[in-house]
Amino acid sequence: MPATFKSLSELLEKVEATKKRLKIIDQTANYLKTLGAEEIESATNMMVGRAFPKYSQKTLDVSWSTLTRIFERISVFDWDLFREAMASTGDIGSATKTVLEQTKPKKQTQLTQKSLTITEVRTTMEAIAQAQGSGARTKKERLITALMSQATPVEAKYLVKIFTGEMRTGLHEGLMEQAVAQAFDVPLQRVQHASMVLGDIGEVAATIKTQGLEGLEKAGFSVFRPVKLMLAQTAQSVNEALAEHGGKSALEYKYDGARVQIHKQNGRIEIFSRRLTDVTESLPEIVKIVEQNILAQSIIVEGEVISLDSAGYPIAFQHLMRRFRRVHGISGMAEKIPLTLYLFDILYLNGESLIAQPYIQRRQILSQIAGEIPLTKPNSHRPAQTSRRFPQRSHRRWTRRLDGEKTRQPIRAWTQGQTLAKNQNNP
DNA sequence: TTTAGTTGACC
DNA sequence: GTTATGC
DNA sequence: GCATAACGGTCAACTAAA
């Protein structure tokens, strides 16, 4: 029997009620066990506040403003009560529930009405994401209205939370990985690895559900499926970071640009942003650079895209931003704001994952396959001198805006000081 | 055709 | 990206 | 101590309204 959205809402109510992480994991794990193969990916993503898998390019394009109009239409929305509830909980979803509980809907809801299933909610959300072009707003609103009028106040609360992307239940992706591991009695490390290479924890849950531990062990990088990135952590000082690494550290300059993940196979190239958005179309010259330089058959590399002005200095980040996600006037802007790529890591090469390889090894392989593409500049000092010699503060300088006006704001320049990425696989 | 409002995304 | 907060 | 939630500033796309 398909799981109801009500069951998911009730689980999240229990999760929200506690701050104890072990309890959250326990309750979530027990709930995951009750789900079927066809709904577990949707449910898992909804629980962590996503309508779709992390790697998915779909967006709902719905937020609080749209929801407000809808609630005004389907019920007598008590704004004083809403404000009061917002003040006490600070949570839009909770406030919505409070209001809906105390207001009578305009339309009579049938007591015998069949309750929403998780799969139905996903299907409607697909349709909402699909609605584009003229009349899209109306269509989205109609679909949301249909969903909301079938929902109880508690369900509406979590629909709102998913729409706005603000869950505030304490059940975040890290805990969900633990819950999945516990529910299916598989090693946490396996789950975490699969979550990284598959780019989505919901997909991991579905894989285990249908293929068991065996399926999990088979999970590996797949070209054109964006990978969950390893994020850097900041330290108070260079010495603190060096200590964290336990003796062996590599230092590189961190460029104030945009991080990209580049996939290539059989001549096809795709570029993803930090949040796994496909930005290939916006960056034609980066595609060209990769095409001309990286000859490997299949590859996943990471780099930083920055823009240099005519004098060879990097421009301020806000100018660079105008290139990303742009779909109009790309070639014109490409002339005004030309982009440069610096590579800093390689995750996958010709069918082999490289993340278990030490940093030195990966860097070596990267330099061999990069062609003329520069790598991020490494530190060249000896360890004893590192702390003293490596730049620890931003270089500040004046820059010119693209329109020629001189800006008064100093910008973060070429070197931003040390940032030492703690590599979970190779500390 | 222009302007305003909304949304999402990057650091 | 930075800062605040709760285990 | 650690991980995450919550926040800020800026920009472009998109749809609806003027």
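On a predicted model such as this, the values are computed, not experimentally measured, just so you know. The chains referred to below are lettered A, B, ... by the order of the sequence lines, with proteins before strands, and numbering in each begins at 1.
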### Query
Among A/Val279, A/Ile337, A/Ile286, which one satisfies side-chain contact (heavy atoms from CB on, under 4.5 Å) with A/Arg323?
A/Ile337
Can you tell me if the side-chain N/O atoms of [X] get under 4.0 Å from OP1 or OP2 in [N]?
| X | N | result |
| --- | --- | --- |
| A/Arg322 | D/dC11 | no |
| A/Ser63 | B/dT6 | no |
| A/Arg326 | D/dA12 | yes |
| A/Arg21 | C/dG6 | no |
| A/Thr66 | B/dT7 | yes |

Tell me: [atom1] of [X] to [atom2] of [N], nearest whole Å?
| X | N | atom1 | atom2 | answer |
| --- | --- | --- | --- | --- |
| A/Leu320 | B/dC11 | CG | C1' | 10 Å |
| A/Glu177 | D/dA3 | CD | P | 13 Å |
| A/Arg137 | D/dA13 | CZ | P | 17 Å |
| A/Glu16 | D/dA5 | CD | P | 13 Å |
| A/His319 | D/dT10 | NE2 | C1' | 11 Å |
| A/Ile315 | D/dC11 | CD1 | C1' | 13 Å |
| A/Leu175 | C/dC7 | CG | P | 12 Å |
| A/Gln132 | D/dA16 | CD | P | 12 Å |

### Query
With nearest nucleotides of DNA chain D determined for A/Arg323 and A/Gly174 from heavy-atom distances, which residue corresponds to the more 5′ nucleotide?
A/Gly174
### Summary
The residue, A/His328 or A/Leu171, whose nearest nucleotide of DNA chain D is more 5′ is A/Leu171
Check this for me, if you would: do [X] and [Y] make a salt bridge, where the nitrogen-to-carboxylate-oxygen distance has to be below 4.0 angstrom?
| X | Y | result |
| --- | --- | --- |
| A/Glu177 | A/Lys228 | yes |
| A/Arg122 | A/Glu39 | no |
| A/Glu10 | A/Lys6 | yes |

### Summary
By ring-ring contact (aromatic ring centres under 6.0 Å, His included), A/Phe77 pairs with (sequence neighbours left out) A/Phe71, A/Trp79, A/Phe82
Using a heavy-atom cut-off of 4.0 Å across all strands, would you classify [X] as base, sugar-phosphate, or nothing?
| X | value |
| --- | --- |
| A/Gly170 | nothing |
| A/Gly135 | sugar-phosphate |
| A/Glu166 | nothing |

